[in-house]
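In what follows, a single structure is set out as structure tokens and then discussed.
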Amino acid sequence: MDTEEDQGKKKVTIFFRTQTRTAERFTKALAEEAKARYPNAIFKVMDIDEYATEDDEYEENLKKESLALFFLATYGDGKPTDNAARFYKWFTEGKQRGTWLENLQFGVFSLGNQQYEHFNKVAVVVDELLYEQGAKHIVQVGLGDDDQGIEDDFSAWRELLWPELDKLLQDENETGASTPYTAAIPEYRVVFVKLEEVPYLDKSLNFANGHAIHDIQHPCSYSDGIANLLLQHTVLWKVVGKLIMPKPKGLTSEIKKAPSSGLKWSFSPGTNLLSGGAAKLEKESRQKLNEFSKKLRTFRSVDLSAEEVDFSGNGITAVGLKALYGVLQTNTMLKTLNLSGNNIGDEGAKENVDIKILTNDDVLGDAIPYDQQDAMRHLCYQFLDLMPPTEVAAITLEF
Ligand SMILES: Cc1cc2nc3c(=O)[nH]c(=O)nc-3n(C[C@H](O)[C@H](O)[C@H](O)COP(=O)(O)O)c2cc1C
């Protein structure tokens, strides 16, 4: 047992076995995020082949584990990867061991491809055997399918995992809302391309990446081949940030009740549309946004009911209003929202806003879960509806 455990820190071992490194990549991504979420726990990433030099050591070492995650890939005819063959043989063919793993809580994410007959066999077998031998699931086995979008599968499984880890690893006075995840804020960049310069594109706005997961590592990019055609760059997160972010002064007040300051967010006409020139992402503003993001997460809700938010004269249309509504509604109660001087019309005045609402977390930085990506796209469309439509032929969203 190492020193950190002696100091009472909970330890999580994340095992992987991989051939073409997908499992290793997922393992490391998860460990990275988990370390930020749970600073009081220790996460160890372990190639399963290096876990024991002799077979006997598997048993000896596994007995000491209390929380473990497994990322296991399956290869030809349901065989383990090369680096897992020894462990798999030992675990599946060994002696009857009874329920010797009662102290272990575990989760398995499997990597496979449904085109193969023995889809995800290795992980499923290990998952069953761990359970049979007394270990307890913290989450059901995640079946990653390389044929359909394994990133999505991983993302979905990870979203099931966090609440369970919250229960096990968060200190009693911490809550899910205050999870101190400090990942870098992605840039939401919208790129406009003139139609006549990209004649092969459909005039309607299109996102080529379909349902793939998009985050910093996997940007949704429509214009890989047309980077030289980019005429205008807009940093959309900055727009969104402006919509939901008070001036830094606002950060200092603990907004649990309506503040009496009557802070007013005011944007001069056109400033939240960023219609001219490229908006460069400055390090300082990124930091501020990050800080604000962290601050927001410490509140269950942000009450701006004493505040005034002024978007007058910003060229906001009915669809733009829906987007605005979606952003502002989340965690936010407003006293006044000034939309005078915008071309909203009757349609926009209806209260029936049916777009899916993004959370501040989504807007401010975390990888965007699969089920919210459509909403993110939708929001981007709606922002784009605020722009002159004839100019826009293609969009690149880089999350
Ligand atoms: C030669 C080969 C054989 C495979 N055999 C299987 C299989 O039997 N069952 C399965 O579910 N997936 C199978 N797969 C798919 C891999 O498990 C899948 O691509 C996985 O994501 C690889 O993970 P890794 O990059 O961590 O090695 C096979 C892939 C290759 C290239």
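Below, all heavy atoms of this structure are taken into account, side chains as well, without hydrogens, waters or symmetry copies. Residue numbers start at 1 and run along the sequence shown. Start at 1 and go down the list; that is how both ligands and their atoms are numbered.
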>> Taking the side chain as everything from C-beta on, heavy atoms only, tell me whether Tyr38 gets closer than 4.5 Å to Leu168.
In response: no
> Does some side-chain heavy atom of Phe106 sit less than 4.5 Å from a side-chain heavy atom of Leu69?
Replying inline: no
Donor-acceptor pairs under 3.5 angstrom involving side-chain atoms of residues 137-146: please list them, not counting sequence neighbours.
{"from": "His137", "atom 1": "NE2", "to": "Asp127", "atom 2": "OD1", "distance (Å)": "3.0"}
{"from": "His137", "atom 1": "NE2", "to": "Asp127", "atom 2": "OD2", "distance (Å)": "3.0"}
{"from": "Asp145", "atom 1": "OD1", "to": "Gln114", "atom 2": "N", "distance (Å)": "3.0"}
{"from": "Asp145", "atom 1": "OD1", "to": "Asp147", "atom 2": "N", "distance (Å)": "2.8"}
{"from": "Asp145", "atom 1": "OD2", "to": "Gln114", "atom 2": "NE2", "distance (Å)": "3.2"}

> Is the Phe87 ring parallel, tilted or perpendicular to the Trp90 ring (thresholds 30°, 60°)?
Replying inline: tilted
> Should the pair Phe71 and Phe109 be assigned to parallel (<30°), tilted (30 to 60°) or perpendicular (>60°) ring geometry?
Replying inline: tilted
> Does the ring centre of Tyr58 sit less than 6.0 Å away from the ring centre of Phe91?
Replying inline: no
> When you look for protein heavy atoms under 4.0 Å from ligand 1, which residues do they belong to?
Replying inline: Thr18, Gln19, Thr20, Arg21, Thr22, Ala23, Ala73, Thr74, Tyr75, Gly76, Asp77, Gly78, Leu111, Gly112, Asn113, Tyr116, His118, Phe119, Asn120, Asp146, Ile150
